[in-house]
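Taking it in order: structure first as structure tokens, then the write-up.
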Amino acid sequence: MSLTDLTPEQLAVVDATAPSMIVRASAGSGKTTVLVAKYIRYVTEGGMSPAEVWTVTFTRKAAAEMKRRIVAELDRLGFSAAAQQAETGPIQTLHSACERILRENSLAAGLDPEFEIIEGHVRSAMVREALRNSVADMIERSPEASRLVDHLAGVRQYGFGSPLDSALEQTVSRLTEKLRAAGLRSQEVALDYADEEAVVRLWCQEMTAEARQSWPESPEINDALSASKAAQGLAERRLGVPEWLSSFSLEDADMTSGLVQLAVATWERLEALMMERQAFDFTSLESLAVRLIEQDAGVRERLSCQVRALLVDEAQDLNPNQYRLIDSIDAPFKMLVGDFQQSIYRFRDADPRLFLERAEQWPVFPLSVNHRSNKAVLDAVDQVFGFWWGEGLNRMEPSLRAEAPPVQAIELWTVDHKDTEGLAALVRQLVDEGHTPKSITLLCRDNKAMNDHARRLSRHGVPHQVIGGSETLYTRMEVRDIGNALRALVDQEDDDAMACFLHSPFVGLSLDGVVSALADRPLSRSLPTLALENEFDQSALDKFQSWFWPLQRRAARLSVWEVLSALFAESPYFESLARDPEATQRLANVRKLLSLAIDRPELSAHDFADQIREIQKLRHREGLGETMDDEADAVTIMTIHGSKGLEFETVVVPDTFKRPQNRDRVASDPRRGLVATRYSAKSSAFQMLQESDRRQEDAEAKRLVYVAMTRARKKLCLAVGGSATPLAAAIAKALGFPDHMPKGVHIREAPGP
DNA sequence: GGGTCTCGAGTTTTT
DNA sequence: CTCGAGACCC
């Protein structure tokens, strides 16, 4: 890359001297190129040192890529000293930036400079501890909280939530997380929800504000605006305002008060706990950094000398707290790069409206040339999103150098979104028609779907690799196998574990064999003398006898990784696993588990087995082991979230994004500090919040489709058939399905059942 | 196009 | 249990 290769739009960004600016970077518009070029300009002509140009991304991967390109470019231009500085400089994720600020100013922040960062189950254990303490405490102190606890104690959880997590604990901990990430002050929230009266007053205020927007002139609403009237019991007196506006259930106001009080207490307790142990999670890193900068003039001063430019990537995915961080840093140049249309991190409290608001205030530099996709793909994107967003869509120009689209660039696949079998058959067709597997990528919404597609593709003999996903590591078969193996080794009473273990690849007994073994219990006593009819089973059993009992005698005295090493060395586990079609992934998972075990040498096999079981119950997530393989000629399967920033020759969008139904009894808009419950009747506050939540969720579902479609370079296949979801139906309709499809859009029929 | 009934599924994405 | 989609009916 050199500056002469930049488009006029890109050059405008690099040349701009505005102190703060927004870059509206459409998909494939070369935003990383521009960020790198801007950085280079600052360093090579702006007299800044790499240490002074803070470059912030969301993912480690993006940060690494950014750094790689910056360093390479500085080297190429002969700035080798600067390249070296950039290598260790502040090109990093937002969370590492927070961490850096806190460690460098630990004295001012009142932190141990060696503080720990916690995630995963260590973190949730701490949340739970805080929660239990604060519940116990609040039952005594708050009548509202105690009424809520009584109420929830009688509520049964449907679905398969862990029995460990009561309805109460789930509800409170989730609300706590939301409030924590919203950048609010706990004392203020507590005040707003101090009792039933306060809650009704707050709801009334917000509802009337909301109603004002729809009916600005309504006199009834003016009436209702009087907060004192509201507090006297709007629900009873029905002030002649539209019913939905006044239908607050006082009982629900009471329980909402109790719930928020519990969440705030948990939040404060959790902060205290983290401080006490000097162990913080990501949310805390953010808010500690914000607090430090906002409240300490000295730190602010130091930072403003340190940071001469602040470049923020993927700014549409910043949450309110992160915006505060960006705003609190006093840098002479700030540049936010993002695309509203690609905001897909709502679940992490990303609020793309903040980006839009900022774009009203700061000069906006658009990057509208797409250097990735051919014209057919861009046209399809235009049609679908023009249909949804109208003038709101930022249309993209095809690059002058774009390749001509293939004959059949856009395909609508008439498979049902549930029919993964049919979809796999169609992928098979693509391969048979000459598309190489590695040119094809399936972009799924969730991990469950990824694994389903993977299995179907196996059945059709299509090579594939699943990237990144995180099907719960601890529920994967091999992890289960290992958990059972450990338990069978350390707990002689546990016949269930032993039975599963016998059937697992560690031993390899057939189900019949296991059943006959189970005839005589306990297994630890009967097994040594067991004889089986089936000769394969018998030989598997003999092999098992030879290594299992000696290991069992030692197991209690060994640490878990020693036990695991012995297990792997002596059982036929790896040989059996190697025959599995998903062997690579499975081995990676086993390796990952082993490395977890090696990290904790103090754990006994018993502890570790307990931990696996506990975590399985909690359905906790741990990333799977990495298995990226660029060389393999295999269809790639990944989530849309994982695909962000990447591009693929042919993209298949196999599922059509059904919004999971929301059974929550708590609705909230943390940005406004609003919470409502519906434990008794449905209150209008609850309905308002739930509806707005749904609207936002639906809007994000569309943006997900946008991200997926704009990953394609040459060819795009969209599953829209069968019992299509509303979203899929709209996509099909926008593309003229079935009778008015423009040139280049084709139908591929699902094969018969 | 809208109202009612039945049946199935059951909160996902990740720094 | 409870919601919502889809079927079925008018």
Side-chain angles (χ1 to χ4, degrees), chain A residues 56-64 92-99 117-120 123-124 154-162 165 167 170-171 173-174 177-178 181 280-286 289 312-314 317-319 321-322 325 342-350 416-418 443-452 467-473 619-624 638-645 655-667 678-679 682 687 690-691 693-694 696-698 700-701 703-705 707-708 722-729:
Chain A
V56 174
T57 65
F58 269 94
T59 66
R60 268 166 241 190
K61 208 169 83 190
Q92 56 198 151
T93 65
L94 196 113
H95 292 106
S96 343
C98 292
E99 185 188 342
I117 295 170
I118 52 170
E119 43 187 323
R123 193 196 79 96
S124 42
V155 173
R156 216 151 37 98
Q157 281 283 98
Y158 286 88
F160 37 105
S162 150
D165 271 344
Q170 266 185 31
T171 312
S173 64
R174 286 179 48 192
E177 287 314 305
K178 281 198 151 171
F280 305 97
D281 66 357
F282 291 129
T283 309
S284 275
L285 287 184
E286 284 166 20
V312 182
D313 194 15
E314 305 278 15
D317 285 325
L318 293 167
N319 70 28
N321 228 356
Q322 293 163 342
L325 182 80
Q342 295 183 68
S343 174
I344 54 173
Y345 282 92
R346 208 171 89 81
F347 69 95
R348 232 172 43 193
D349 307 298
D416 192 288
H417 72 280
K418 287 181 204 147
L443 295 182
C444 307
R445 170 130 198 206
D446 57 57
N447 298 304
K448 226 169 52 196
M450 293 203 309
N451 291 294
D452 199 13
I467 303 294
S470 53
E471 181 186 5
T472 318
L473 174 66
R619 296 186 297 156
H620 218 104
R621 285 170 186 289
E622 281 279 342
L624 290 184
M638 67 197 307
T639 63
I640 296 173
H641 286 86
S643 78
K644 217 168 169 202
D655 60 29
T656 45
F657 320 113
K658 222 165 82 167
R659 165 162 46 73
Q661 66 178 351
N662 179 2
R663 286 173 296 121
D664 248 340
R665 290 174 176 278
V666 180
R678 39 153 264 219
Y679 286 116
K682 257 192 195 181
Q687 257 162 5
Q690 197 187 39
E691 257 164 49
D693 193 65
R694 232 172 245 177
Q696 289 178 54
E697 195 62 38
D698 287 343
E700 183 153 301
R703 297 194 296 263
L704 266 168
V705 179
V707 171
S723 65
T725 61
L727 216 50

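Convention: sequence-line order gives letters A, B, ...; per-chain numbering from 1. Fair warning: this is a prediction, and the values are worked out from it, not measured in the lab. We use all heavy atoms of the structure for the numbers below, so side chains are in, but hydrogens, waters and symmetry mates are not.
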Spacing between Asp446(A) atom CG and dT13(B) atom C1', to the nearest angstrom: 8 Å

Side-chain N or O of Arg694(A) closer than 4.0 Å to phosphate OP1/OP2 of dT11(B): no

Residues which pass salt bridge (Lys or Arg N to Asp or Glu O under 4.0 Å) with Arg346(A), listed by chain and number, not counting sequence neighbours: Asp693(A), Glu697(A)

Short side-chain N/O contact to dT14(B) OP1/OP2 from Arg445(A), under 4.0 Å: no

Separation of dT14(B) P from Phe347(A) CZ (nearest whole Å): 6 Å

Among Asn319(A), Asn321(A), Asp317(A), side chain to side chain contact (heavy atoms under 4.5 Å, CB included) partner for Asp349(A): Asn319(A)

Positive for side chain to side chain contact (heavy atoms under 4.5 Å, CB included) with Val56(A), one of Leu94(A), Thr93(A), Leu318(A): Leu94(A)

Phosphate OP1/OP2 of dT12(B) contacted by Thr639(A) side-chain N/O (<4.0 Å): no

Sugar-phosphate only, base, or nothing, as touched by Arg703(A) at under 4.0 Å among non-hydrogen atoms: nothing

Gap between atoms CZ and P, on Arg665(A) and dC1(C) respectively (whole Å): 12 Å

Nearest-Å distance for atom pair NE2/C1', residues His95(A) and dT14(B): 10 Å

From dT14(B), dT13(B), dT11(B), nucleotide with atom closest to Arg174(A) side chain: dT11(B)

Distance in angstrom units between Leu94(A) CG and dT14(B) P, rounded: 18 Å

Gap between atoms CE and P, on Met638(A) and dT12(B) respectively (whole Å): 20 Å

Glu177(A) and Arg123(A) ion-paired at < 4.0 Å: yes

Between P of dT12(B) and CG of Leu443(A), the distance in whole Å: 19 Å

Nucleotide dG4(C), atom P - distance to CD of Gln690(A) in whole Å: 7 Å

Span that lies between the P atom of dC3(C) and that of dT13(B), in whole angstrom: 24 Å

Nearest-Å distance once atom P is located in both dC1(C) and dT12(B): 23 Å

Listed partners of Phe282(A) passing ring-ring contact (aromatic ring centres under 6.0 Å, His included), at least two apart: His95(A)

